Every structure is written in structure tokens, then in C-alpha cells.
Amino acid sequence: WILARYGLAALITRSMSAPRGKGRPRRVRQLGIEVLGTGALLLLGPVVLATAQVGLAFVPLVLLALHAVHRMVRSAGEYERAGRVDGLTGLPNRSALDASVTERGMETTRLALLLLDLDRFRNVNDALGHNVGDRLLVEVADRLAAVVPAHDLVVRLGGDEFAVLATRVDGTAGARRLAHHLAEALNRPFALDG
């Protein structure tokens, strides 16, 4: 069990620390982690059977080991996902944008990256407080996600900066149309506590 635990941890760490955009795509790495975890659990199966034949006193210890391996694999996946999502808005973050540009850039030749920055957002934080500012950022994220097609990516870069990665644009005119829709959506008033 100790060998399986440390070997699996080393493989997960190595696969997660691989440089982004080089080597295997993220989906393949994530599938590899799941396969490794399932394999480790299957390898521990004979230990459970042997323990059951020897006596029931050791069964809880073996089940604890199986649970630990299972939690370790789940934690690695959750940690990787948490590193790609903005905690406030639930949108993908800059790391997810980098990975998506790399992956989608290989598949598509037409990409548009639209960068958005909220004007005078600092005034909202100064006048109404950071709680209201955070709620405004969540509302902005929801509006952007509602306007942008599902095949495109809305990202919060940090602070009051957002980005939209459009993957199916028909040149500059298509990117301008999307930018116009985004501006229209953000020009409508945001109602927060009246």
C-alpha cells in the first residue's frame, strides 16, 4: 500500500507539473490520472481478499487504505480544476485561457481574443464597498456568459478584467459584432440593492 500510495503521488505530481501546451493535452493527462487511480485501487483488491480470509479484524485497515487512495486521486483532480477557475465568479481564469488558446489554436485557425476592462470600477469599491464590488463582478460575469455563445470562453483575468476567446469568428467583422453585443449587454444598468 505504501508503494502504491507514493508511486501514485509521484506520477500525479509529475503529470500535473508537465509544461502546459507541450506533450500530452490536458484531457489526456486527466484521463491518465483517473486510470492510475483506478489501477491502484484494483491492485489493492487482492490485499482486501487476503485480509478477509485471515480475519475480519484487518478489514477496516484495508478499507482505510483504499479510501485514502481514492481520496488522493479525487483531490488531485479537484486541485487541478480549482487552479483553473476564478473563486469569485466561477468563470475560468487566466490559466484556463492559456490552456484553451493552446488547445483550440491547434484545431482552429480563426480565433479572436477580446479583452474587457470595467471603467471606473474602483469608484464602486470606494463608494459602496468591496462586497458590492464583488457582487457587481459576479453580475458582469453572468451577463457576459449569457451573451457569449457556448462554444466560446468567458474568462476573468483578475480584478475588473475579463476576456472572451471567440473560436468561430468570420474575420474582423465577426469579432466586431461580438464586441458590440458585449458592449450592449454591459451598458444596461446593474441593479444592486436599488
Side-chain angles (χ1 to χ4, degrees), residues 13 15-31 33 74-194:
T13 304
S15 71
M16 287 178 64
S17 64
R20 302 280 183 233
K22 295 184 179 160
R24 297 176 293 167
R26 183 172 55 92
R27 285 184 223 135
V28 173
R29 282 196 311 268
Q30 194 170 4
L31 180 64
I33 290 171
R74 282 190 56 207
S75 295
E78 290 170 4
Y79 179 75
E80 184 177 348
R81 280 187 291 278
R84 296 179 176 274
V85 175
D86 177 57
L88 177 65
T89 61
L91 291 176
N93 63 13
R94 187 182 302 267
S95 298
L97 177 65
D98 292 342
S100 188
V101 166
T102 302
E103 286 179 19
R104 293 179 186 190
M106 293 176 197
E107 301 168 1
T108 311
T109 56
R110 295 274 181 162
L111 294 176
L113 181 63
L114 305 168
L115 301 174
L116 299 101
D117 184 70
L118 303 179
D119 292 338
R120 297 179 302 278
F121 179 73
R122 186 173 183 186
N123 295 347
V124 173
N125 276 339
D126 291 344
L128 303 174
H130 290 280
N131 289 337
V132 174
D134 287 349
R135 287 177 41 215
L136 178 61
L137 289 174
V138 170
E139 292 290 325
V140 167
D142 290 344
R143 246 186 231 183
L144 290 175
V147 172
V148 173
H151 52 78
D152 294 341
L153 185 67
V154 180
V155 176
R156 180 173 178 221
L157 297 175
D160 63 344
E161 297 175 345
F162 293 86
V164 174
L165 179 65
T167 57
R168 299 179 188 169
V169 291
D170 54 347
T172 312
R176 282 193 182 117
R177 276 193 304 276
L178 180 57
H180 180 70
H181 289 305
L182 295 174
E184 282 180 349
L186 294 179
N187 279 334
R188 292 192 320 264
F190 289 88
L192 300 171
D193 298 335

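Given the structure is predicted, the values throughout are model-derived calculations rather than measurements. Side-chain atoms are counted along with the backbone in the values below, which use heavy atoms only and exclude waters and symmetry mates.
- Every residue meeting the side-chain contact (heavy atoms from CB on, under 4.5 Å) condition with Leu128, not counting sequence neighbours, appears here in chain and number order: Val124, Val132.
- Of all heavy-atom pairs between Leu178 and Ala166, the closest is CD2-CB, 3.6 Å.
- No side-chain heavy atom of Val155 sits under 4.5 Å from any side-chain heavy atom of Leu165.
- Partners of Arg177 according to the side-chain hydrogen bond (donor to acceptor under 3.5 Å, both in side chains) rule, which considers only residues two or more places apart in sequence or in another chain, are Asp170.
- Closest heavy-atom contact between Leu153 and Pro92: CD1-CG, 3.6 Å.
- Closest heavy-atom contact between Ala99 and Arg84: CB-NH1, 3.1 Å.
- The shortest non-hydrogen separation linking Gly174 to Val169 is C-CG1, 4.5 Å.
- Sorted by first then second residue, the side-chain hydrogen bond (donor to acceptor under 3.5 Å, both in side chains) pairs that include residues 132-149, not counting sequence neighbours, are Arg135-Asp193.
- Separating the CG atom in Asp160 from the CG atom in Asp117 is a distance of 4.5 Å, to the nearest 0.5 Å.
- To the nearest 0.5 Å, atoms CG (Leu88) and CZ (Arg156) are separated by 5.0 Å.
- Remark: Arg120 pairs with Asn123 by the side-chain contact (heavy atoms from CB on, under 4.5 Å) rule, at least two apart or across chains.
- The nearest pair of heavy atoms linking Leu116 to Leu114 is CD1-O, 3.8 Å.
- The nearest pair of heavy atoms linking Ala185 to Val147 is CB-CG2, 3.4 Å.
- Take Val140 and apply the side-chain contact (heavy atoms from CB on, under 4.5 Å) test, not counting sequence neighbours, and it matches Leu118, Leu136, Leu144, Phe162, Leu186, Phe190.
- Residue Thr89 is tested with Leu91, Asn93, Val85 for a side chain to side chain contact (heavy atoms under 4.5 Å, CB included); the sole match is Leu91.
- For Arg94, the side-chain contact (heavy atoms from CB on, under 4.5 Å) criterion is met by Asp98, Leu157, Glu161, not counting sequence neighbours.
- Atom CG in Asp152 sits 4.5 Å away from atom OG1 in Thr167 (nearest 0.5 Å).
- For the side-chain hydrogen bond (donor to acceptor under 3.5 Å, both in side chains) condition, the pairs that include at least one residue of residues 182-191, sequence neighbours left out, are His180-Glu184.
- For the side-chain hydrogen bond (donor to acceptor under 3.5 Å, both in side chains) test, no residue two or more places apart in sequence or in another chain qualifies with His130.
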